[in-house]
Amino acid sequence: MNFESLCVLGLGYIGLPTASTFATHGMHVIGVDTNPKIVKSLNNGHVHLFEPGLRTLVQAAIHSENLVIRSKPEIADAFIIAVPTPFKEGKLADLSFVISAAEAIAQVLEKGNLVILESTSPPRTTVDIVAPILEKSGLKAGDDFYLAYSPERVLPGQILRELIENARVIGGIEPSSAKAGQALYSTFVRGEIILTDATTAEMVKLMENTYRDINIAAANEFSRLASRFEVDIWEAISLANRHPRVEILNPGPGVGGHCISVDPWFFVEAAPDLSNLIKNARLVNDRQPQFVIQSLQKICGPLNAKKVALLGMAYKPNVDDLRESPAITVAKELIKQGSEVVIYEPFNSQFTINGAVSAGSLEQAIQGADVIVLLVAHTKLTEIDPHELQPRLKRTVVFDTVNGWDPLDWEQAGFTYYRLGDGKNS
Ligand code: SAJ
């Protein structure tokens, strides 16, 4: 099997790096996005998202003429669907982008083609939803064209490296489809390629993110327990983690992003009778911003009319991605409580929330604040030297929700330092 041309549908955090990496490895790639703004900006050489190294990679791919950007799929040897699968009202999976991508491919599908679904999807999506749509082309999945599911498993912030180095699972709707997937991804994947069936591959992806969600929920619940029992959760976790078989993750303001906070719901929707633990872990993590607010109330008293500077709005450190960010939930709740909220997101100073002031710089954000809250451990924020901040800011209360600052350092600089779950604000 030899694939020389590839169409990648969806030029987001996964599709764009994937399309560009294939292109810089010699494949002729048509990158497709239905959003005309994205098509236009990429064609003008602008990359619409931040990921370390991505801009250089995309520009190299476009410059080599191996990557062209279009608004709909064209005839190619292989197709990768990398569109979002968000959830709609009621935490139900919204497969509309996957469905329209498959419908668009069906228009140009030819005998011998390979179609791969990469978007995170509920179990059986490839077999029960994508295959029948593609078969509207008159071709039979598994006989006339190959069809497989291959989950992306890259970590935002490290996408370009992990895309090449991570092990890749490829699940075919029958064995030769999985082998076809292997032939395609071998173009650049250096990690192990493991073949299985499509539904197993879908489940593997959901299990990975659900497993992480449950583990973070444990850490978040421990932080609330520690607060109740006046124990410093950070010390307790570091001691527990000395056990050879214990590795507790970090509590924080909650779980965000487009993956871990969404994917477990696919299990809950598909089999509610079998997913109590999964559902409760989700609820624990979704309530963690509320714990941040309660802790702030204990530290500062009523929050109405308090000026609160919130540092970091992204869903996790060193990315610009704001999707499902718990920091945004914290900001909105404070606004509801009547606080004067100033937000500062170093990766996107233009970002606004109704009712909050967006600061263009750290200095502007913390000016006159009653309390400074660290919500994301961006390196640009954890590297703040409290001794260098203006002397009149000192004695301000700081609340670190991510264990990003050294308490001693801040206290020595004159600030009143609290950390989420440190047992001091019980
Ligand atoms: N978080 C904590 N405590 C921790 C670790 C993370 O509160 O100890 C929070 C983060 O701040 C963030 C959220 O969890 O809000 C998720 O961050 P993450 O770094 O754990 O994961 P994602 O969502 O950026 O990427 C995950 C990865 N999955 C796993 O690690 C199992 C990645 O490999 C997947 O490719 C990605 O989801 C995806 O696209 O599905």
Side-chain angles (χ1 to χ4, degrees), residues 1-12 14-16 18-34 39 42 61-62 64-83 95-119 121 124-152 168 170-189 193 195-199 201-202:
M1 269 168 263
N2 191 18
F3 300 105
E4 287 176 0
S5 60
L6 167 71
C7 207
V8 178
L9 288 85
L11 298 178
I14 301 303
L16 187 57
T18 303
S20 308
T21 305
F22 270 111
T24 54
H25 284 75
M27 182 82 71
H28 294 290
V29 183
I30 304 149
V32 177
D33 205 290
T34 51
V39 173
L42 285 169
I62 291 179
S64 72
E65 295 183 358
N66 272 346
L67 175 63
V68 293
I69 310 296
R70 299 282 184 264
S71 55
K72 56 181 191 201
E74 295 175 4
I75 288 172
D77 296 335
F79 298 84
I80 291 179
I81 302 175
V83 296
L95 291 177
S96 57
F97 299 106
V98 170
I99 291 170
S100 24
E103 282 167 348
I105 294 171
Q107 308 285 320
V108 291
L109 194 66
E110 292 185 339
K111 219 172 171 163
N113 281 172
L114 162 67
V115 181
I116 298 203
L117 176 63
E118 277 206 20
S119 312
S121 303
R124 301 197 58 84
T125 301
T126 311
V127 174
D128 290 347
I129 295 178
V130 175
I133 295 174
L134 294 172
E135 286 180 343
K136 286 186 195 158
S137 62
L139 301 171
K140 178 106 186 68
D143 290 344
D144 299 323
F145 66 94
Y146 305 108
L147 175 60
Y149 180 80
S150 181
E152 58 79 12
R168 184 168 274 274
I170 303 176
I173 59 154
E174 42 71 52
S176 64
S177 288
K179 286 215 181 80
Q182 181 174 32
L184 178 70
Y185 286 107
S186 308
T187 310
F188 67 78
V189 171
I193 296 183
L195 306 188
T196 181
D197 66 86
T199 308
E202 289 165 348

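Nothing here was measured: the structure is a model prediction, and the numbers come from that model. The chain is numbered in sequence order, starting from 1.
For T21, the side-chain contact (heavy atoms from CB on, under 4.5 Å) test picks out H25, L57, L163, I164, F188, with sequence neighbours left out. Applying the side chain to side chain donor-acceptor pair (under 3.5 Å) test to S20 and every residue at least two apart in sequence or in another chain returns nothing. Residues that satisfy the side-chain contact (heavy atoms from CB on, under 4.5 Å) test with K140, not counting sequence neighbours, are E135, D143, D144. Residues that satisfy the side chain to side chain donor-acceptor pair (under 3.5 Å) test with S119, not counting sequence neighbours, are absent from this structure. Judged as a side-chain contact (heavy atoms from CB on, under 4.5 Å), and not counting sequence neighbours, the contacts of V68 are I30, R70. Applying the side-chain contact (heavy atoms from CB on, under 4.5 Å) criterion to S100, with sequence neighbours excluded, gives E103.
Annotation: the span from S121 atom OG to D128 atom CG amounts to 12.0 Å, rounded to 0.5 Å. Atom OG1 of T196 and atom CD1 of I170 lie 11.0 Å apart (nearest 0.5 Å). A distance of 13.5 Å separates CD1 in I81 from CZ in F97, rounded to the nearest 0.5 Å.
At distances below 3.5 Å, not a single donor-acceptor pair connects side-chain atoms of E152 with backbone N or O atoms of I14. Put simply, the side chain of D33 never gets that close to the backbone of G10: no donor and acceptor are under 3.5 Å apart. Using modelled atom types, one side-chain atom of N113 and one backbone atom of E110 make a donor-acceptor pair closer than 3.5 Å.
Considering only heavy atoms from C-beta on, F22 comes within 4.5 Å of I80 through its side chain. Residues F79 and L9 have side chains in contact (heavy-atom distance under 4.5 Å, counting atoms from C-beta outward). Put simply, the side chain of S5 does not reach to within 4.5 Å of the side chain of M27, judged on heavy atoms. Under the 4.5 Å side-chain criterion, counting only non-hydrogen atoms from C-beta, I105 is not in contact with I133. Between L11 and I69 there is a side-chain heavy-atom pair separated by less than 4.5 Å. At a threshold of 4.5 Å between non-hydrogen side-chain atoms, the residues T24 and N66 do not count as touching. With contacts defined as side-chain heavy-atom distances shorter than 4.5 Å, the pair V130/T125 qualifies. Residues D77 and L6 fail the side-chain proximity criterion, which asks for heavy atoms closer than 4.5 Å.
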Can L139 and L134 be said to form a side chain to side chain contact (heavy atoms under 4.5 Å, CB included), step by step?
CA-CA 8 Å; L139 301 171; L134 294 172; over 6 Å; no
Can you list the steps and then say if L95 with I129 is a side chain to side chain contact (heavy atoms under 4.5 Å, CB included)?
CA-CA 9 Å; L95 291 177; I129 295 178; 3.6 Å; yes
Would C7 and V32 satisfy side chain to side chain contact (heavy atoms under 4.5 Å, CB included), going step by step from the backbone distance to the final call?
CA-CA 7 Å; C7 207; V32 177; 3.7 Å; yes
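What you find for A198 and Y149 is that their closest heavy atoms are O-CB, 4.0 Å. Residues L109 and S137 come closest through the heavy atom pair CD2-OG, 3.7 Å. The nearest pair of heavy atoms linking F3 to G112 is CE2-O, 4.4 Å.
Listed by first then second residue, pairs satisfying side-chain hydrogen bond (donor to acceptor under 3.5 Å, both in side chains) with a partner in residues 175-186 read E118-Y185, E174-S176, E174-S177, not counting sequence neighbours.
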